[in-house]
Amino acid sequence: MNVGDSYGAMEVQYIRRHHKHQPRENQCTSALVKHIRAPVQLVWSLVRRFDQPQKYKPFVSRCIVKGDLGIGSVREVNVRSGLPATTSTERLELLDDEEHILGIRIVGGDHRLRNYSSIVTVHPEVIDGRPGTLVIESFVVDVPDGNTKDETCFFVEALIRCNLKSLADVSERMAIQDRNETYQPIKEGGHRSS
């Protein structure tokens, strides 16, 4: 995985610590970073929901989980039209609520993402003096016949960027809502203003 100049020192440290993929010759791998203006607990509460990826992933229309939501659980995801797929079968590989790490492997579906595995880590940071979150998502996947490594990485990175942008939008909207509800002034008589 290329961990170069486009990342800061802290991001590189997290990638080296948590995002260890061992790509084979016919695979590509990458890591993407997103800074979110919302507290880590709020962002993690969305990311960790293996059973509800549609809460922030715009291409997921439905998700049905088989199992108890523990390691090894499998979810059947329906994909919205516009992508070259309609279903994806995914297994929960890692869920660490202390370190905020989620690992998923695609084990089936009607798409070309073979041997796809991803790791998402969520880290606290401060953005403009407020609690924020650094999210890193990395992946490894086979390069399909007829495609190059660059084409495959570009496609998967575009999907992840879209998911991370949506995660940021949803998280930041929830954080603003939480702040407004928490800090709403109390009027005379003990009622919150509307």
Side-chain angles (χ1 to χ4, degrees), residues 1-8 11-36 43 46-50 52-65 71-95 100-123 134-170:
M1 182 176 337
N2 185 6
V3 182
D5 298 330
S6 61
Y7 302 117
E11 294 157 343
V12 169
Q13 180 182 351
Y14 288 136
I15 290 169
R16 286 189 175 141
R17 181 173 174 203
H18 299 293
H19 298 265
K20 297 175 184 172
H21 296 286
Q22 303 297 325
R24 296 186 309 261
E25 182 62 32
N26 68 328
Q27 293 185 313
C28 70
T29 185
S30 186
L32 291 94
V33 169
K34 184 72 176 170
H35 299 273
I36 299 178
V43 176
L46 292 167
V47 170
R48 76 171 308 283
R49 291 303 303 263
F50 180 73
Q52 294 182 357
Q54 67 272 25
K55 291 240 182 214
Y56 74 91
K57 291 186 176 187
F59 299 115
V60 175
S61 62
R62 186 174 148 200
C63 175
I64 298 172
V65 174
I71 304 302
S73 295
V74 174
R75 68 184 180 194
E76 296 286 336
V77 174
N78 290 1
V79 180
R80 295 188 191 280
S81 63
L83 289 179
T86 58
T87 64
S88 182
T89 305
E90 304 168 356
R91 184 175 58 230
L92 181 61
E93 299 281 302
L94 176 63
L95 180 62
H100 300 131
I101 306 169
L102 176 75
I104 294 172
R105 176 175 302 280
I106 293 180
V107 295
D110 67 344
H111 50 71
R112 298 180 68 192
L113 299 178
R114 301 289 172 241
N115 293 311
Y116 179 92
S117 180
S118 73
I119 297 171
V120 180
T121 58
V122 177
H123 312 275
L134 166 64
V135 179
I136 303 170
E137 184 164 352
S138 64
F139 69 91
V140 62
V141 66
D142 287 358
V143 176
D145 290 338
N147 290 93
T148 66
K149 283 186 179 185
D150 286 344
E151 290 168 337
T152 304
C153 269
F154 181 81
F155 174 74
V156 175
E157 287 172 350
L159 289 176
I160 291 173
R161 274 191 196 92
C162 187
N163 287 339
L164 291 176
K165 182 186 181 317
S166 180
L167 176 62
D169 292 346
V170 170

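As the structure is a computational prediction, the values presented were derived from the model and not from experiment.
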| field | Residue pair Asn115, Gln27: steps toward the side-chain contact (heavy atoms from CB on, under 4.5 Å) verdict | value | CA-CA 9 Å; Asn115 293 311; Gln27 293 185 313; 3.8 Å; yes
| task | Walk me through it: do Arg112 and Asn147 pass the test side-chain hydrogen bond (donor to acceptor under 3.5 Å, both in side chains)? | result | CA-CA 11 Å; Arg112 298 180 68 192; Asn147 290 93; 3.0 Å; yes
| Do the side chains of Lys20 and Ile119 get nearer than 4.5 Å, heavy atoms only? | no
| query | Donor-acceptor pair, Thr152 side chain versus Thr148 backbone, under 3.5 Å? | reply | yes
| Interatomic spacing from SG in Cys63 to CD in Glu76 - rounded to 0.5 Å | 9.0 Å
| query | Does the side chain of Val79 reach to within under 4.5 Å of the side chain of Thr86, using non-hydrogen atoms? | reply | no
| request: Could you walk me through whether Phe50 and Ile104 pass side-chain contact (heavy atoms from CB on, under 4.5 Å), step by step? | output: CA-CA 9 Å; Phe50 180 73; Ile104 294 172; 4.1 Å; yes
| Under a 4.5 Å cut-off applied to non-hydrogen side-chain atoms, are Ile101 and His18 in contact? | yes
| said: If we count only N and O atoms by modelled type, under 3.5 Å, do the side chains of His100 and Thr121 hold a donor and an acceptor together? | reply: no
| remark: side chain to side chain contact (heavy atoms under 4.5 Å, CB included) with Val141: of Pro23, Cys153, Ser117, Cys28, only one passes, and it is Cys28
| said: For a side-chain contact (heavy atoms from CB on, under 4.5 Å) check, start with the C-alpha distance between Val65 and Val74, then their side-chain angles and the critical distance, and finish with the verdict. | reply: CA-CA 6 Å; Val65 174; Val74 174; over 6 Å; no
| field | Which atom of Asn163 lies closest to which atom of Tyr56, heavy atoms considered | value | O-CD1, 3.7 Å
| Gap between atom CZ of Arg161 and atom CD of Glu157 - 0.5 Å precision | 5.0 Å
| Which distance, rounded to the nearest 0.5 Å, do you find between the CZ of Phe139 and the CD of Glu137? | 9.0 Å
| Is the closest side-chain heavy-atom distance between Val33 and Leu134 below 4.5 Å? | yes
| request: State, without any angle test, whether His35 and Glu11 hold a side-chain donor-acceptor pair at a distance under 3.5 Å. | output: yes
| request: Answer whether the closest heavy-atom distance between the side chains of Gln54 and Phe59 falls below 4.5 Å. | output: no
| said: Taking NZ in Lys149 as the centre, count heavy atoms belonging to other residues, nucleotides or ligands within less than 6.0 Å. Is the count above 12? | reply: yes
| task | From the options Ser118, Ser30, Ser138, select the one residue that forms a side-chain hydrogen bond (donor to acceptor under 3.5 Å, both in side chains) with His21. | result | Ser138
| task | Measure the spacing between CG of Leu46 and NZ of Lys57 and express it to the nearest 0.5 Å. | result | 11.5 Å
| request: Before giving the answer on side-chain contact (heavy atoms from CB on, under 4.5 Å), spell out for Ile136 and Leu32 the whole-Å C-alpha distance, their side-chain angles and the decisive distance to 0.1 Å. | output: CA-CA 6 Å; Ile136 303 170; Leu32 291 94; over 6 Å; no
| task | Kindly say whether Ala85 contributes a backbone atom to a donor-acceptor pair with the side chain of Asp110 at under 3.5 angstrom? | result | no
| message | With a 3.5 Å distance limit and no angle check, can you tell me whether Ser73 reaches the backbone of Leu92 through a side-chain donor-acceptor pair? | response | no
| If we only count heavy atoms from C-beta on, is the Leu164 to Val135 side-chain gap below 4.5 Å? | yes
| query | With a cut-off of 6.0 Å (strictly less than), are more than 12 heavy atoms of other residues, nucleotides or ligands near CZ of Arg62? | reply | no
| Residues Glu93, Arg91; criterion salt bridge (charged side-chain N to carboxylate O under 4.0 Å, His left out); working and verdict | CA-CA 6 Å; Glu93 299 281 302; Arg91 184 175 58 230; 2.5 Å; yes
| task | Evaluate the side-chain proximity of Ile106 to Thr89: yes if any heavy-atom separation is below 4.5 Å, no if none is. | result | no
| request: Answer yes or no: is there a side-chain heavy-atom contact under 4.5 Å between Asn78 and Val60? | output: no
